[in-house]
2 protein chains.
Amino acid sequence: MELPDRKMRILKAVVRNYLETGEPVGSRTISKMTDLKLSSATIRNEMADLEEMGLITQPHTSAGRIPTDAGYRLYVDDMLSSEKQELQDARKELLDMKDFLLKKQDKLETMLQSVARTLAVSTNYASMISSPTTRSSKIKFIQLSQVDRHNVLAVIVIEGNLIRNKVIPVEEELSAENMLKLNMLLNTNLCGLAVEEITLGLIEGIKRNAGIHTAIISDVIDAAAEIVRGEEELKIYTSGANNIFRYPELADHQRASEIISDFEEKQALGSIVQETLSSEGQNGIQVYIGDEMPVARMRDCSVVTATYELGEGMKGTIGIIGPKRMDYDKVVGVMKEIMNQLDALYRPAEAGTKDPADGGGTGTGIRAESGKPDQPFTLPDLRIPQIKRIEIKEL
Amino acid sequence: MELPDRKMRILKAVVRNYLETGEPVGSRTISKMTDLKLSSATIRNEMADLEEMGLITQPHTSAGRIPTDAGYRLYVDDMLSSEKQELQDARKELLDMKDFLLKKQDKLETMLQSVARTLAVSTNYASMISSPTTRSSKIKFIQLSQVDRHNVLAVIVIEGNLIRNKVIPVEEELSAENMLKLNMLLNTNLCGLAVEEITLGLIEGIKRNAGIHTAIISDVIDAAAEIVRGEEELKIYTSGANNIFRYPELADHQRASEIISDFEEKQALGSIVQETLSSEGQNGIQVYIGDEMPVARMRDCSVVTATYELGEGMKGTIGIIGPKRMDYDKVVGVMKEIMNQLDALYRPAEAGTKDPADGGGTGTGIRAESGKPDQPFTLPDLRIPQIKRIEIKEL
DNA sequence: CATTAGCACTCTTGATGAAAGAGTGCTAAC
DNA sequence: GTTAGCACTCTTTCATCAAGAGTGCTAATG
């Protein structure tokens with residue numbers, strides 16, 4: 001949609017003023033705040049045109065105008081296409097949070113929660129962040145071990161030192177010999193593969209390759225494969241849901257209750273995440289306004305989302321949810337800054353520093369080992385061949 | 001506080017009526033609803049007495065009366081001390097949820113979330129549940145393994161098949177020999193001990209016992225010990241926060257925002273959990289009314305908490321948060337029923353059933369292996385001595 | 001002496017209406 | 001094309017008023 005310059009400037013003025021005040025904005029206000037020297041009457045004529053075009057509307061006769069979804073959309077598109085000066089300001093504003101954010105969290109979970117909080121605090125909107133996908137991450141290491149007679153522990157380490165584990169119940173104890181074979185079998189066949197490459201067919205192949213073919217071994221292999229494939233669980237962390245009370249248009253019982261509920265259940269947010277991941281936006285940032293929202297119950301809101309990447313294809317989504325009259329400029333600025341920081345945080349900046357790159361809890365570390373490339377599983381590196389050297393009697 | 005029977009009945013009538021309606025209740029209403037045949041004038045006199053005692057109060061002259069915190073307290077104490085008929089009803093009401101709840105979740109995390117939701121749905125209040133403590137649980141199994149040159153993976157299995165893990169960064173690769181020694185060292189020294197028994201002194205002792213004493217090994221042992229000791233992280237799951245909008249006295253912006261915020265941050269809830277765990281209440285159930293709340297910002301609420309136990313000393317807390325005019329009878333009933341079900345769920349009812357007693361995510365299964373007692377670590381059972389039998393060349 | 005009927009009094013709630021204010025659309029003038 | 005002026009509309013605010021609910025007190029009653 002192309003708009004004459006003057007109309008565009010008036011539209012922007014209406015939007016910007018409404019973003020600030022939340023009140024319908026009248027012609028007199030616009031006449032005073034813009035630098036084009038026009039009287040309120042002229043503005044009124046232009047506004048009548050804009051209303052006819054469906055860009056602004058008035059809640060009732062003789063109230064000021066407020067932007068429609070289409071009006072917001074035009075405003076946002078214009079903003080996104082011209083990298084603005086204001087963005088710089090927003091970034092500076094966030095700089096203070098840097099220390100807060102930059103503290104390396106030893107758990108991915110904690111880190112994500114911290115990012116969510118930072119977003120919420122620095123924007124005064126509700127925020128969310130999804131855990132990164134691991135579908136395209138490669139498997140580094142698999143280990144099965146007998147915990148007790150009836151349980152086998154399977155641990156799988158993925159690129160980025162994410163850990164997945166599971167206790168697999170078994171009918172009878174596996175012999176140590178079979179256990180070793182299983183370990184080697186799984187490591188040689190699966191290490192170096194991406195999670196998404198583990199198919200049912202592949203698993204069947206491995207089962208056939210297993211020299212001894214008991215039902216138990218089959219079970220264990222299935223379970224192990226399931227950890228890798230099936231565990232692709234989307235976790236979503238949220239913060240600042242209470243910020244919706246700052247915006248009267250969202251704060252009535254009905255709406256507030258629905259939004260809070262969506263935030264608690266997190267399921268609705270999941271569909272926003274999916275939507276975002278599946279479609280790349282401008283500058284990596286996407287804006288859903290009102291009816292464009294994937295979630296019906298949030299039609300009174302806008303969402304700004306972005307896809308972050310922790311290297312090695314671990315992608316996730318961050319999002320800001322607020323009223324339609326959201327400060328889009330600021331939010332987009334903050335968003336970009338956060339993404340920069342996430343990037344810097346992950347990149348092995350100072351190689352050789354020793355920091356706990358662990359993961360308890362969800363079992364997840366956020367730093368890969370610094371710099372040096374993982375080498376996929378090769379026999380000589382694993383401990384099994386070297387076992388020869390051990391004399392058990394010593395113990 | 002001892003109260004003449006008639007006054008007590010009037011107090012109860014006031015409380016009960018106010019719980020239902022949320023409106024101040026007048027003398028005429030009481031006169032009609034109680035079975036003691038008294039005119040409103042008499043009730044008025046009695047109510048004036050009750051007010052003087054500080055059990056009820058009136059919002060303004062010429063409004064009805066509402067209970068004070070002390071009034072609620074008397075009511076609740078009376079209810080808790082006499083096991084009531086109504087409780088039975090509440091339990092029956094919950095029976096429908098049974099199917100929903102009884103589905104064995106393969107993850108502790110999912111199960112806890114499900115319990116929280118059940119509580120919230122069946123009571124129409126906000127609910128929370130804390131993850132069980134593992135302080136007194138015993139360690140079953142420890143395993144260190146070299147993931148790649150610069151990372152050692154430590155996995156620890158605790159009673160109930162809870163799994164803790166961490167990737168420990170190391171300066172240089174450990175020899176397979178040292179790795180084996182470390183494994184045996186840790187297993188022989190720590191298996192069978194309760195988490196809370198792992199002291200700093202014990203760790204120092206183990207370090208001294210390690211034949212080879214390099215800095216790396218010391219680091220690894222420290223890290224392993226830290227997983228066990230330090231990871232005692234209280235996780236809290238919540239549900240139904242939006243239920244507060246059902247109760248006008250909590251639903252104004254100020255209060256709602258605070259409560260929602262507390263529910264999201266979960267920190268405040270943590271102090272309620274601590275408070276509950278440290279003091280056993282009547283029937284295992286505790287009620288905090290208004291000012292009795294450990295959390296200042298929730299002074300307008302009441303909380304009913306209970307301590308659940310998943311066997312083997314894994315204790316946690318469930319809680320219902322609602323307005324002071326909460327349906328205490330129902331809540332206490334539901335609470336007891338949930339506790340029964342949790343108990344039944346954990347108890348190995350049908351031994352021999354094969355169900356996934358796993359844990360991904362937080363790495364946590366909720367069923368111990370069925371029936372048969374764990375045997376703490378013994379050398380012959382572990383795979384290490386048996387390795388002799390393997391011919392590596394075969395591979 | 002406990003209970004009750006009656007009554008004046010207080011306070012909230014809801015409805016009504018008037019006045020003020022903000023903003024528009026339209027017309028006519030520049 | 002722009003602007004001043006004006007009538008009109010609609011919301012918001014405030015005061016007033018009547019109705020209703022509930023109380024406390026007093027006096028009457030069994």
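Chain naming here is simple, since letters A, B, ... match the order of the sequence lines and numbering starts at 1 in each.
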Tell me yes or no: between the side chains of [X] and [Y], is some donor less than 3.5 Å from an acceptor?
X: A/Y328; Y: A/S302; answer: yes
X: B/D329; Y: B/Y75; answer: yes
X: B/T276; Y: B/T305; answer: yes

Grab the [atom1]-[atom2] distance between [X] and [N] for me, whole Å please.
X: B/R65; N: D/dA21; atom1: CZ; atom2: C1'; value: 13 Å
X: B/R44; N: C/dA5; atom1: CZ; atom2: P; value: 10 Å
X: A/I56; N: C/dT24; atom1: CD1; atom2: P; value: 9 Å
X: B/N45; N: D/dT23; atom1: CG; atom2: C1'; value: 11 Å
X: B/R28; N: D/dT23; atom1: CZ; atom2: P; value: 11 Å

One thing to verify: whether B/E265 and A/R117 come together as a salt bridge, which I'm taking to mean a side-chain N less than 4.0 angstrom from a carboxylate O.
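Yes, this pair counts.
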On a plain distance test, is the side chain of A/S62 in donor-acceptor contact with the base of D/dT9 below 3.5 Å?
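For A/S62, whose side chain was compared with the base of D/dT9, there is a donor-acceptor pair (under 3.5 Å).
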Could you check whether B/A41 gets within reach of a base, just the sugar-phosphate, or nothing at all, counting any heavy atom under 4.0 Å?
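It contacts base atoms.
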On DNA chain C, check which nucleotide each of B/T42 and B/T61 is closest to and give me the residue with the more 5' one.
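The residue whose closest nucleotide sits nearer the 5' end is B/T42.
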